[in-house]
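Structure record follows, encoded as structure tokens.
We use all heavy atoms of the structure for the numbers below, so side chains are in, but hydrogens, waters and symmetry mates are not.
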Amino acid sequence: MMVLAVVFLSGLQAKALVAQKEVRIMWLCDPTGPYSALHTLSVKGVEDFFKWSNETDYIKGIKLIVDIYDTGMDVGKAVAAFNMGLAKDPRPVMTTGGMATPTCLVIKPLSKKGEDSLH
């Protein structure tokens with residue numbers, strides 16, 4: 001996850017992000033779906049990393065916010081979660097997760113509407 005934070009800030013419009021004090025990441029995962037055994041542990045790790053990152057000021061002057069959405073590998077839940085994420089302020093600069101093919105296929109066209117802030 002530390003690599004994710006560094007890559008994310010260095011590669012995604014870094015100059016614009018530096019001006020922000022809070023940076024939001026949206027994570028679509030499946031802790032209640034078929035991938036629950038893996039994702040339940042991953043959720044805890046992600047939460048711990050973001051807490052640690054903010055407590056230690058890992059990325060100087062920037063508070064990282066992660067919104068974790070449980071889609072349960074259900075495309076309807078994935079669409080709802082993605083739209084909820086785009087409505088947040090600050091808007092997510094990145095989404096991750098959606099590892100299941102049906103979720104990826106339904107989210108891909110939706111990402112076009114948010115591509116000015118989501119990469």
Please list all pairs meeting salt bridge (charged side-chain N to carboxylate O under 4.0 Å, His left out) that have one or both residues in residues 71-85, counting only residues at least two apart or in different chains. none

So which heavy atom on Pro102 is nearest to which on Val75, and how close? O-CG1, 3.5 Å

Shared hydrophobic cluster, Met26 / Met84 (ILVMFWY, side-chain heavy atoms < 4.5 Å): yes

Between atom CD1 of Ile107 and atom CG of Asn83, what is the distance when rounded to the nearest 0.5 Å? 7.5 Å

Contact list for residues 35-48, test salt bridge (charged side-chain N to carboxylate O under 4.0 Å, His left out), sequence neighbours left out: Lys44-Asp48

Could you report the tightest heavy-atom contact between Pro90 and Glu22, atom names first, then the distance? CG-O, 3.7 Å

Would you give the length of the straight line joining atom CH2 of Trp52 to atom CG of Leu64, rounded to the nearest 0.5 angstrom? 10.0 Å

Of all heavy-atom pairs linking Trp27 and Val66, the shortest is CB-CG2, 4.4 Å

Side chains of Leu86 and Arg91 in contact at under 4.5 Å (non-hydrogen atoms): yes

Let me confirm one number: the CG-CZ distance from Asn54 to Phe50, rounded to the nearest 0.5 Å. 8.0 Å

What residues, two or more places apart in sequence or in another chain, satisfy side-chain contact (heavy atoms from CB on, under 4.5 Å) together with Asp67? Arg24, Ile65, Tyr69, Lys88

Can you sort out the partners of Thr32 under side-chain contact (heavy atoms from CB on, under 4.5 Å), two or more places apart, ordered by chain and number? Asp70

Indicate the atoms forming the closest heavy-atom contact of Gly72 with Pro34, along with that distance. O-CD, 4.0 Å

Any side-chain heavy atom of Thr71 within less than 4.5 Å of one from Cys29? no

Aromatic ring pairing Tyr58/Phe49, orientation class (parallel under 30°, perpendicular over 60°, tilted between): perpendicular

Correct closest heavy-atom pair for Leu28 and Ala81 would be CD2-CB, 3.8 Å

Mind checking the OG1-CG spacing from Thr103 to Asp30? Nearest 0.5 Å is all I need. 5.5 Å

What pair of heavy atoms forms the shortest contact from Val106 to Pro109, and how long is it? O-CD, 3.6 Å

